[in-house]
Protein chains: 2
Amino acid sequence: MQLEFLGTGAGQPAKFRNVTSIALKLLDERNAVWLFDVGEGTQHQILRTNIRPRKVEKIFITHLHGDHIFGLPGFLSSRSFQGSDASEPLTIYGPKGIEKFVKTSLLVSESHLTYPLEFVEITKTGVIFEDTTFKVVTELLDHNVHSYGYRVIEKDHPRELLVDKLRADKVPSGPLYGQLKLGKTVTLPDGRVINGVDYLGDAKKGRIVTILGDTRKNANSIALAQSADVLVHESTYGKGEGRMARNHYHSTNLQAVDVAMAAGVDKLLLTHISARYAGKLAYELEKQAREIFAGAHVVSDFEEIDIPIKK
Amino acid sequence: MQLEFLGTGAGQPAKFRNVTSIALKLLDERNAVWLFDVGEGTQHQILRTNIRPRKVEKIFITHLHGDHIFGLPGFLSSRSFQGSDASEPLTIYGPKGIEKFVKTSLLVSESHLTYPLEFVEITKTGVIFEDTTFKVVTELLDHNVHSYGYRVIEKDHPRELLVDKLRADKVPSGPLYGQLKLGKTVTLPDGRVINGVDYLGDAKKGRIVTILGDTRKNANSIALAQSADVLVHESTYGKGEGRMARNHYHSTNLQAVDVAMAAGVDKLLLTHISARYAGKLAYELEKQAREIFAGAHVVSDFEEIDIPIKK
Ligand SMILES: [Zn+2]
Ligand SMILES: [Zn+2]
């Protein structure tokens, strides 16, 4: 599981930061990539990565501002062009209106997709996706249009059978292993009675990744980020610009730190960096944040962050 | 007057060719830039040029395929963001549907433009714009959606008064010059009678630039390109691929040459190059074309072509 940042700028593209798009790479976990927001030029950025558009299984849109959605029609069309077929459906989650935007764009341009496209517009918050391995929860944030945050929850990994330990104890392999894996007590052919629980590894907690849309500091952000491994938070403004951030419905780096600390996250990734913080000035944003919270980091376009399973 | 190519690829962005957009720079002529098509990422390309979005006065859309229009909403929003005001209106010309696409995109994203935006959807072909210095004529081409070509006609430059020659002949400056400029005969204070026509330079013919949308070879292309200084023609396919070009409603480089020669143009610029002709293969397209017509040239992203006034 990795996060790859395809665009880390705010408002409009700048030379070194494209507008927002974030890839959550779940290749080991589900052979899929999820995108969060698709600003204009996202497909161009993807060209420079090893992400394959046909692997993009879900797209979560935080809000409908242009710098977060104008790359969608192009990405969807090119995914078709590149030969995605009926076996590679794609679902888009987002605020009411996203379906109209995408469908109008595809209709007017007569783009006929070669794969099924589904929309889930958020009508109520809470769980918007769940299967056997992942669950996604969304809540409303505080922006000048409806903006959502997404909490991606990986389900706990089942305890693994310690095959090496079984072999060391000369437990013969076979259907017995299935019973042991369930933690049951079994009697071996040689008369020994063993308990499966003694042959199971530690349970590995699933990971939690929280990705928020543009927002002021607010309580829902903290709820979504509670104990997350990684929180991705906007940082359009810097230290001392709280008033400006408030007026523009955005956050400062230090407000993001407040959220991260209140939620007890491990790592805070700051993105949606204003062009006013070009080049080295972005490091200043990071430095200010790290003085308070060592787990803070300002990300760059094409930066990849690994999210390991906790031991 | 220059053409600057912002995107010269076909269908979808490739590493070295973005999707279509062409800037006709009329800075000396009218302190303005006109864009022809605005594929996704056009605003990103513009960032790397000296074109200022607020100078973009008109946008001509050839057809509604995504690779020709998906950059419009982003370009229009950023132009606003960069402070274009009520004194810098912009007009978009194009096929029926372009207004719906743009308006839906701006509405859904709540992008409120700071400048007036007007649409002229093509309901009949012929002259679609004319003022004292320029005229634009459009005709339907042959593509699988309505695709138009634009013939940009600069009006002839008025004959200039040869001030140096008047001084050499000791004609005193003053209100007389106005009469002479109109070609009238006047009597000088010293009794000499002179004819203004003898003091006027040669009339300079206005230039003609023809830019076509995606199309098969067809008669309207030739009409639009008649005696043009420059013809910009798609060249999605190469020599020997006429059948494929026909099936996909596109042209080969040699079909573009046919049009250029039938129309008697000075220069043929080949664009909309398929990713199949990557890197050096594009030169092959040019070489094949130049064997027949020396004025042919395959353009690259960011290439600028000057269009001088003919002596
Ligand atoms: Zn934003
Ligand atoms: Zn095209």
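Letters A, B, ... mirror the listed sequences (proteins, then strands); counts begin at 1. Only heavy atoms go into these numbers, but all of them, side chains included; no hydrogens, no water, no symmetry mates.
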* Structure fact -> Ranking B/Val108, B/Asn144, B/Leu106 by heavy-atom pairs under 4.5 Å to chain A gives rank one to B/Val108
* Among A/Gly74, A/Pro73, A/Gly66, A/Gly39, which residue forms the greatest number of heavy-atom pairs with chain B at distances under 4.5 Å? -> A/Pro73
* Asked: Is it the backbone or the side chain of B/Ser77 that comes under 4.5 Å from a heavy atom of chain A, or both, or neither?
  -> side chain
* **Atom group of B/Thr42 that falls short of 4.5 Å from chain A, counting heavy atoms** => backbone
* **Candidate list B/His143, B/His250, B/His63, B/His248, test ring-ring contact (aromatic ring centres under 6.0 Å, His included), partner B/His272, passing option** => B/His250
* **Over 12 non-hydrogen atoms of neighbours within 6.0 angstrom of CZ in B/Phe302** => yes
* Under 6.0 Å from the CZ atom of A/Arg246, do we count more than 12 heavy atoms belonging to anything else shown? -> no
* Asked: Is there a donor in the side chain of A/His65 and an acceptor in the side chain of A/Asp214, or the other way round, less than 3.5 Å apart?
  -> no
* Asked: Side chain, backbone, both or neither: which part of B/Leu107 has a non-hydrogen atom closer than 4.5 Å to chain A?
  -> side chain
* Asked: Would B/Asn18 and B/Ser21 count as having a side-chain donor-acceptor pair, cut-off 3.5 Å?
  -> no
* Asked: Taking B/Gly71, B/Ser111, B/Pro95 one by one, which has the highest count of heavy-atom pairs under 4.5 Å against chain A?
  -> B/Gly71
* To do: Under 4.5 Å, counting heavy-atom pairs only, tell me which of A/Lys96, A/Arg48, A/Glu40 racks up the most with chain B.
  => A/Glu40
* **Minimum side-chain heavy-atom gap B/Gln45-B/Ile51 below 4.5 Å** => no
* Tell me, out of A/Gln82, A/Lys100, A/Gln12, who's got the most heavy-atom pairs with chain B below 4.5 Å. => A/Gln12
* Asked: Which bit of B/Asp67 comes within less than 4.5 Å of chain A, counting heavy atoms only: side chain, backbone, both or neither?
  -> neither
* **Salt bridge present between B/Arg52 and B/Glu88 (N-O < 4.0 angstrom)** => no
